[in-house]
Amino acid sequence: MRKAAWLILVTLLSSDGIGAQSWPESAPDYAKLHFIDKLMRQMTVEEKIGQLRLNCIGAQSPREQLLEEAGASTLGGIFYAVGRSELREFQDAALRSRLKIPLFFAYDVIHGHRTLFPIGLGLASTWDTDAIALSGRIAAKEASADGLDMVFSPMVDIARDPRWGRASEGWGEDTHLSARYTESMVNALQGATLDAAGNVMASAKHFALYGAAEGGRDYNSVDMSLPRMYQDYLPPYRAAVKAGVGAMMLTYVAINGIPATSNIWLIRDLLRQQWRFKGLVITDFNAVAELVSHGVARDGREAAMLAIKAGVSMSMSDTYFRDELPGLLQSGAVSQKDIDDAVREVLGAKYDLGLFADPYLRIGTAKDDPADINAEHRLHRAQVRDVARKSLVLLKNDRAVLPLDKTAVVAVVGPLAKSRVDILGNWSSIGSSAQAISVYDGIAHALDAPNRLLYARGADVTGDPLVLDYLNAPGANPADVEVDPRSPTRMLQEAMDVARQADVVVVVVGESRGMSYEGASRASLALPGYQTQLISALKSTGKPLVLVLMNGRPLSIGVEHQLADAVLETWYSGTEGGNAIADVLFGDYNPSGKLPISFPRSVGQVPTYYSHLNTSRPYQADAPRAVTSRYFDEAYGPLYPFGFGLSYTNFSVSDITLTRQSLKRGEALGASVVVKNIGQRAGGTVVQLYIHDISASISRPVKELKGFQKIMLQAGEEQVVHFNLSEEDLKFYNAQLEYAAEPGEFSVMIGLDSREVKQRRFELL
Ligand code: NOJ
């Protein structure tokens, strides 16, 4: 679409949508503007361009070179360096420069810094914004205590294709849930004011639509209609902006043909003009250079020009801004204003971070540096254990095989049972695997009787040379898949022998953490290696079988689900993962996690998101042979639906009571249910509210989450759970991109997952 057409669409947006009018300009900070103007008047062109560069120590920029550039004020910030003394050296160099402009320091702190929290999908499984905020506060505290000013977090890309390894990092498939989490995380990381030592600037990513890369193949392109973009994929980024996020990192991918890094519409029109974003726009690693691979720039010179003109403020891992912008400016291809606008944003971020007032705000003084950076007291074990427990999702529990008896003989089996590396997950910042608790460790602590704990490895995560070659390639990050020299048969045999001596078998299977990571897309969603054979072999012993899954994406585990008596999804649960898992396995904690992403039965079903459209011929459960929209060679629907998760107790949900049958604009409609704990023990669950617009100008999803409440009930206790709906909850972007609720009939659905719901209808007048 041509720019002019875009602008018309932008002005068409109604006052409540993602449109410009909804986003009033905030009052300017005149002191800040004055300070920056004054500084910029003193800066040379080289110094200005230097501010637009965010580099890390590496082959392209050796440490000595970065120190030199810091000293010459030709560098804006550094990422991937950490630790107060290390960062102090760079800051000292910057403060020796002519204008003493401080550097800022950034790092990938995605789910914790020293204390590793569950990965994004795990945090998202808590359905608990306070838990997410707690993880963010602790990450900010630990990262800032190590001298960092900015974190490349939160990752808010909606992901509906589990083949994409980076689905692990985000909040899952749902727009509403992701937007709520994003807001909590940004607020938690940034605190009340960014210029406080314990707060860090958040850099939400990857703007925009990275999770919609075709086929789940990383870096692949996105082609998407505007209504879908606005309705489903953009709200989490917008939530970040609304929460005042300081920076936004761009995605690598091309959106409808135009890479984000050179996408004027995305950065200037949508982000800056419509959403009034005032912060930093940072490219992803090397993304300016990659405009050449995208085929939109002939060379680095054109790439640098396109990026700066599109509104990029900082180039990550840069050489082209440094090498090409001076010439581009001289030739007139880039204007002084293009550069000045970007410089103003970088200096503004440093000002907001309090770095002009105190460049050592987070680095502190040498005398206060921690004697041991890995000291135990620097961790937040109690808090992470609690959040990790909340992130565990019980997917099956036949014959109440869980919780386990602490006097039982337990065989712990599986390639991931003793792993302290995998349990930390990908992007584990500087968390130390030596400080992590494996599942085996956690069970050992809980049993406190070494003679009742048996172990066998049973299988490798993978023995596939192709996969190992990728995951363990020299320099691969992380390169940590271990292979047992014994044959698969020998390992299976040993596992069966061990299982026969036990009362119950806990088998810890899944993916090594490198399998759910950047660049780690999978064509299969099966458990890799001989793990399924291991589960079958263990089943054949006749012992109760508990599957503990450790993985960064939904897996197609229909067979394993049938074989196991109980299935617990643990994702990568972090530093205290093993203890948290043991808490749930032995019933010291009653699980309450719910899936933030659907589990397909097979990879061919992807995408399996719950909020799909009805189609012309929806599947008919009561006429399964009818010619409908389904795969005839696969059972219909996901293996585990979005929002699903069991408890050790049971809950009943009453029919829905509505406060009115019809809703006028400006009014509220109350929808409530009575939820009762009908089991024997206290437990928590998440009450979820969905809506469906029965007939509208465009086909609307069969269900859309609009609210959720996490509740705790004692055995026998009941609670009225009340939701308020308003016109706002019924709005959507129509084909003309107008954001409005259309009159007519709606369904409201309430349940404890997205499949089993109570339903009532009402009308919007
Ligand atoms: C590339 C990744 O896409 C991004 O998420 C990360 O923050 C940067 N590299 C920096 O490590």
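FYI, side chains are in, hydrogens and waters are out, and symmetry mates aren't considered; it's all heavy atoms of this structure. Both ligands and their constituent atoms are indexed starting at 1 by order of listing.
Of all atoms in ligand 1, listed by their number and element, those nearer than 4.0 Å to a heavy atom of E518 are 1 (C), 2 (C), 3 (O). Of all atoms in ligand 1, numbered sequentially from 1 with element shown, those under 4.0 Å from a heavy atom of F285 are 9 (N). Shown in contact with Y252 at under 4.0 Å from a heavy atom are these atoms of ligand 1, numbered in order with element: 1 (C), 3 (O). Listed by number with element, the atoms of ligand 1 under 4.0 angstrom from any heavy atom of K205 are 4 (C), 5 (O), 6 (C), 7 (O). Contact atoms of ligand 1 toward M249: 4 (C), 7 (O) (distance under 4.0 Å to a heavy atom of the residue).
Heavy atoms of R166 found under 4.0 angstrom from ligand 1 belong exclusively to the side chain. Using a 4.0 Å cut-off between heavy atoms, M155 makes no contact with ligand 1 at all.
When each of Y107, F285, F79 is tested with F152 by the rule side-chain contact (heavy atoms from CB on, under 4.5 Å), just one qualifies, namely F79.
In terms of protein heavy atoms, atom 10 (C) of ligand 1 is closest to D108 OD2, 3.1 Å.
Y609 carries R160 over the face of its six-membered ring, with the cationic atom under 6.0 Å from the centre and within 45° of the normal. In this structure, K205 forms a cation-pi arrangement with W427, its terminal cationic atom sitting closer than 6.0 Å to the ring centre and no more than 45° off the ring axis.
Of the candidates D218, D284, V151, D284 brings a heavy atom nearest to atom 1 (C) of ligand 1.
Ionic pairing of E69 and R322 is present here: one or more N-O contacts between side-chain nitrogen and carboxylate oxygen are shorter than 4.0 angstrom.
D92 pairs by the salt bridge (charged side-chain N to carboxylate O under 4.0 Å, His left out) definition with nothing, not counting sequence neighbours. Residues passing the salt bridge (charged side-chain N to carboxylate O under 4.0 Å, His left out) test with D223, sequence neighbours excluded: none.
Every heavy atom of Y210 sits 4.0 Å or more from the atoms of ligand 1.
No more than 12 heavy atoms of other residues, nucleotides or ligands sit less than 6.0 Å from atom CD of E482.
Inclusion of H206 in the set of residues having an N or O under 3.5 Å from an N or O of ligand 1 is warranted. Ligand 1 has no N or O atom lying under 3.5 Å from any N or O atom of E169, backbone or side chain.
Note: Y517 and W164 fail the aromatic proximity criterion, with ring centroids not under 6.0 Å apart.
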